[in-house]
Amino acid sequence: MSTVTLSPASTTSPGNPSVFYRNKTPTTTASKCRTRFRPKPLFAALVEEVRPRSLPPVKGNNTSNGAVPEANIGVSSIVPSSRNRADDIQAESKALARAVNASVYSPELLKFKYASRPFKVLRRTLQILVGLGSFGLKLWVDQLQGQLDQNRRARAIELRETFTRLGPTFVKIGQGLSTRPDLCPPEFLEELSELQDALPTFPDAEAFACIERELGLSLDSIYSSISSSPIAAASLGQVYKAQLKYSGQFVAVKVQRPGIEEAIGLDFYLIRGLGFLINKYVDIISSDVVALVDEFARRVYQELNYVQEGQNARRFKKLYADKEDVLVPDIFWDYTSGKVLTMDWVDGVKLNEQAIIEGQGLKVLDLVNTGIQCSLRQLLEYGYFHADPHPGNLLATPEGKLAFLDFGMMSETPEEARFAIIGHVVHMVNRDYEAMARDYYALDFLSPEVDVTPIVPALRNFFDDALNSTVSELNFKTIVDGLGAVLYQYPFNVPAYYALILRSLTVLEGLALYADPNFKVLAASYPYFAKRLLTDPNPYLRDALIELLFKDGKFRWNRLENLLVQGKMDRDFSAKEALQPVLKLLLGPEGEELRTLVIKEAIRVTEAITIGTAIDTYNSIPGPLKSFLPNGNGIGTPMTDAEIESMMELREQVLRIWGLLQSSDNIDPTILQPILQVLQEPEARSLGGRVFGGITQRLAARMLQQVLRPPTTARATSL
């Protein structure tokens with residue numbers, strides 16, 4: 001095998017952001033570079049942001065033994081940076097062909113395979129029982145001796161080391177626990193978080209042999225240099241930094257651990273068997289444990305197919321990298337297979353390295369906010385989301401961008417559930433617990449035959465207490481804990497996508513809390529929810545908006561004002577878009593009930609503006625002239641101070657809302673275009689006539705009231 005190592009000229013100090021490796025003592029020879037080390041979490045998977053230049057077709061000739069064709073690629077082979085889409089598709093097709101034998105999770109095949117290997121199964125079972133049993137025994141002794149708190153850090157270290165010894169499956173379990181502050185104390189979270197990328201490496205010779213075997217090329221035909229030790233090691237593979245020979249670009253090369261399929265297959269066979277026992281004998285757990293194990297195993301097996309991960313990254317980039325503050329690396333399909341993944345190298349710092357990030361003049365909270373907004377788009381707009389956003393997969397680049405890495409574990413939110421989640425937030429704000437309970441049907445938490453009536457009091461008991469302050473003061477963990485208590489009491493079946501959503505948002509909130517203990521995910525999410533409610537034409541969301549704005553036949557202007565204030569904080573908010581769906585709904589065939597409410601409110605607003613203007617005019621008249629005006633208040637109709645104050649408040653609120661629309665960053669005169677268009681429709685003219693008629697009747701009634709009442713002396717009102 002031809003192995004390319006770093007030349008002395010390529011070696012840099014650990015402080016340089018383009019380092020190929022990190023060691024306490026910089027070395028200058030290739031032989032010293034090969035010293036084994038434990039990858040530091042700081043610069044794990046850091047990469048330079050560049051778009052890949054086009055890759056020449058992989059052409060090769062058979063070697064003497066016919067096993068390893070080599071590419072005729074040199075530095076002079078550089079081609080233009082723009083790549084033909086057809087060439088890209090062809091390269092991806094070849095990568096798919098190289099991954100044709102990638103494993104797929106099948107419980108039946110695992111059962112068939114290991115049922116005939118009792119000694120192997122028994123040996124692995126004993127390994128797991130000894131490892132976890134000894135840890136559990138120590139915890140039990142600590143509890144008996146009252147030393148749980150005193151020994152917590154030591155036990156956390158032992159659990160991390162136990163998971164590491166037990167192998168990749170338990171490392172994945174530990175990674176999941178590291179993002180669950182609701183399950184683990186802080187010491188355990190800190191120790192288990194090291195399982196994200198600071199794991200033992202496997203021999204470099206095996207990794208380089210895998211690259212050559214998978215790609216059918218020798219290393220020196222692909223790279224002009226490659227780090228001779230991995231930059232980072234994860235549960236399923238390890239990452240090298242390399243420089244492509246044909247273009248000089250730096251790339252990250254991810255290589256799968258040898259024997260990983262055998263190791264995780266046996267573990268999932270055993271865990272699934274345990275799931276059957278839990279389903280049968282443990283009544284306190286209502287969820288189908290076997291189904292949860294199958295879902296988790298299926299996703300881990302998908303991570304073993306690096307071509308699938310590359311396709312995930314491509315799809316994620318297409319959907320979400322349109323924002324300038326989000327970075328997703330490109331995939332080099334010519335150098336990707338089922339067990340080797342090549343992508344852009346991204347320079348950056350892990351998101352939990354607050355001191356280093358702020359030392360570069362960046363703010364962690366700005367990056368977390370970017371992550372939250374991107375996550376909301378993932379979860380609620382397109383439904384395709386990154387299901388493993390631990391700190392090792394989120395990097396802050398020197399330019400202030402948030403880089404997403406590792407697309408092995410992805411998930412999707414069903415379309416109906418996306419709208420139901422937004423509606424659920426609206427129902428929570430309105431304290432409509434009956435509607436919240438019904439939302440669980442759309443969220444697939446409950447089967448249609450389950451009666452939600454008993455669930456409503458439990459929701460009311462929790463949220464009435466939690467919402468006593470304001471919704472924005474709630475943190476995500478509070479809601480998760482509260483809903484968790486409800487879920488345990490009733491026949492809920494939490495779908496896999498929802499558990500992954502909780503994990504994703506909990507991780508982001510945890511990162512934010514490191515930087516600001518008072519940070520609230522819900523408060524940061526409000527602008528997105530407000531924008532969606534105001535601008536999305538989806539019927540479900542339009543109904544949710546009406547439900548939010550109207551109560552007991554009255555329009556709640558304060559809610560509309562708050563939505564506009566929050567919505568304007570979202571960079572994509574458009575006042576023009578906010579008007580169009582409302583007008584279409586108002587003038588549509590199903591809008592009669594809404595039209596009745598709008599006509600009533602339009603009459604009230606018109607009257608408030610008319611009377612308020614009259615009062616302002618009256619107050620601007622010199623004192624001596626006011627005695628010549630009827631009623632002494634400038635409006636010509638008898639009204640109490642309370643009525644006048646209410647009118648003025650309504651007028652001021654409406655004017656504030658109009659000011660918010662006018663001050664939108666992307667406001668322009670065409671904002672009125674939808675109104676002008678719909679005014680041409682017969683229904684609009686009818687609506688206008690009804691409003692005009694209502695105003696006329698209202699003013700006529702006030703004038704008649706003035707004529708019939710005996711004259712009184714009213715004091716001048718100045719508001």
Side-chain angles (χ1 to χ4, degrees), residues 44-49 179 196 312-313 315-330 344 346-407 410-411 413 421 472 475-476 500-532 566-574 665-666:
L46 316 177
V47 204
E48 177 184 24
E49 180 201 345
T179 63
Q196 292 160 359
N312 294 342
R315 182 182 176 188
F316 190 90
K317 184 181 183 74
K318 180 180 179 181
L319 292 176
Y320 308 116
D322 56 324
K323 304 300 180 185
E324 61 182 13
D325 48 9
V326 173
L327 173 65
V328 180
D330 281 301
D344 279 334
V346 180
D347 278 316
V349 180
K350 290 202 304 181
L351 215 54
N352 60 353
E353 299 284 354
Q354 182 179 353
I356 298 175
I357 291 174
E358 293 183 350
Q360 296 177 351
L362 304 175
K363 294 182 179 179
V364 173
L365 285 182
D366 289 344
L367 292 158
V368 171
N369 264 314
T370 297
I372 290 172
Q373 299 307 314
C374 185
S375 293
L376 290 171
R377 292 184 70 204
Q378 294 173 49
L379 302 173
L380 303 177
E381 199 163 324
Y382 296 105
Y384 185 69
F385 65 94
H386 195 301
D388 192 22
H390 62 69
N393 292 337
L394 298 171
L395 302 182
T397 72
E399 300 79 19
K401 295 186 178 185
L402 180 64
F404 285 82
L405 303 176
D406 193 351
F407 301 91
M410 309 294 290
S411 189
T413 311
I421 291 172
S472 62
N475 60 35
F476 192 69
L500 293 172
I501 288 175
L502 293 185
R503 177 184 180 185
S504 176
L505 293 180
T506 301
V507 168
L508 288 170
E509 184 173 63
L511 290 170
L513 291 176
Y514 275 117
D516 179 6
N518 297 316
F519 186 86
K520 301 294 185 291
V521 163
L522 283 179
S525 304
Y526 268 179
Y528 177 85
F529 281 102
K531 180 202 71 173
R532 287 292 300 275
Q566 294 291 333
K568 274 171 55 64
M569 297 179 186
D570 190 286
R571 69 180 64 179
D572 297 325
F573 175 76
S574 167
D665 291 339
N666 50 14

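Throughout, residue positions are numbered sequentially from 1 according to the sequence presented.
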Can you see which heavy atom on [X] is nearest to which on [Y], and at what distance?
{"X": "Met410", "Y": "Asn312", "value": "CG-ND2, 3.6 Å"}
{"X": "Val328", "Y": "Ala321", "value": "CG2-CB, 4.1 Å"}
{"X": "Glu324", "Y": "Lys401", "value": "O-CE, 3.1 Å"}
{"X": "Leu367", "Y": "Gly400", "value": "CD2-O, 3.5 Å"}
{"X": "Asn369", "Y": "Ala524", "value": "OD1-CB, 3.4 Å"}
{"X": "Ala530", "Y": "Gly567", "value": "CB-N, 3.6 Å"}

Atom [atom1] in [X], atom [atom2] in [Y]: separation rounded to 0.5 Å?
{"X": "Thr413", "Y": "Ile421", "atom1": "OG1", "atom2": "CD1", "value": "5.5 Å"}
{"X": "Leu402", "Y": "Lys323", "atom1": "CG", "atom2": "NZ", "value": "14.5 Å"}
{"X": "Tyr382", "Y": "Lys318", "atom1": "OH", "atom2": "NZ", "value": "10.0 Å"}
{"X": "Phe385", "Y": "Leu319", "atom1": "CZ", "atom2": "CG", "value": "13.5 Å"}
{"X": "Ile356", "Y": "Leu351", "atom1": "CD1", "atom2": "CG", "value": "12.0 Å"}

Is there a donor-acceptor pair closer than 3.5 Å between any side-chain N or O of [X] and the backbone N or O of [Y]?
{"X": "Asp330", "Y": "Asp344", "answer": "no"}
{"X": "Gln378", "Y": "His386", "answer": "yes"}
{"X": "Glu353", "Y": "Leu395", "answer": "no"}

Problem - Intermediate values then yes/no, side-chain contact (heavy atoms from CB on, under 4.5 Å), Ile372 and Tyr528 - result: CA-CA 10 Å; Ile372 290 172; Tyr528 177 85; over 6 Å; no

Exercise for the section: Check whether the ring centres of Tyr320 and Tyr384 lie less than 6.0 Å apart, and answer yes or no. Expected result: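 Ring-ring flag for Tyr320/Tyr384: false, centres at least 6.0 Å apart.
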
Problem - Stepwise side-chain contact (heavy atoms from CB on, under 4.5 Å) check, Gln373 with Val326 - result: CA-CA 10 Å; Gln373 299 307 314; Val326 173; over 6 Å; no

Practice task
Dump the intermediate steps for side-chain contact (heavy atoms from CB on, under 4.5 Å) on Thr397 and Leu362, then the final yes or no.
Solution key: CA-CA 9 Å; Thr397 72; Leu362 304 175; over 6 Å; no

Handout entry: From CA spacing to verdict: side-chain contact (heavy atoms from CB on, under 4.5 Å), Leu327, Phe404
Key = CA-CA 6 Å; Leu327 173 65; Phe404 285 82; over 6 Å; no

Problem - Arg377 and Asp322 ion-paired at < 4.0 Å - result: yes

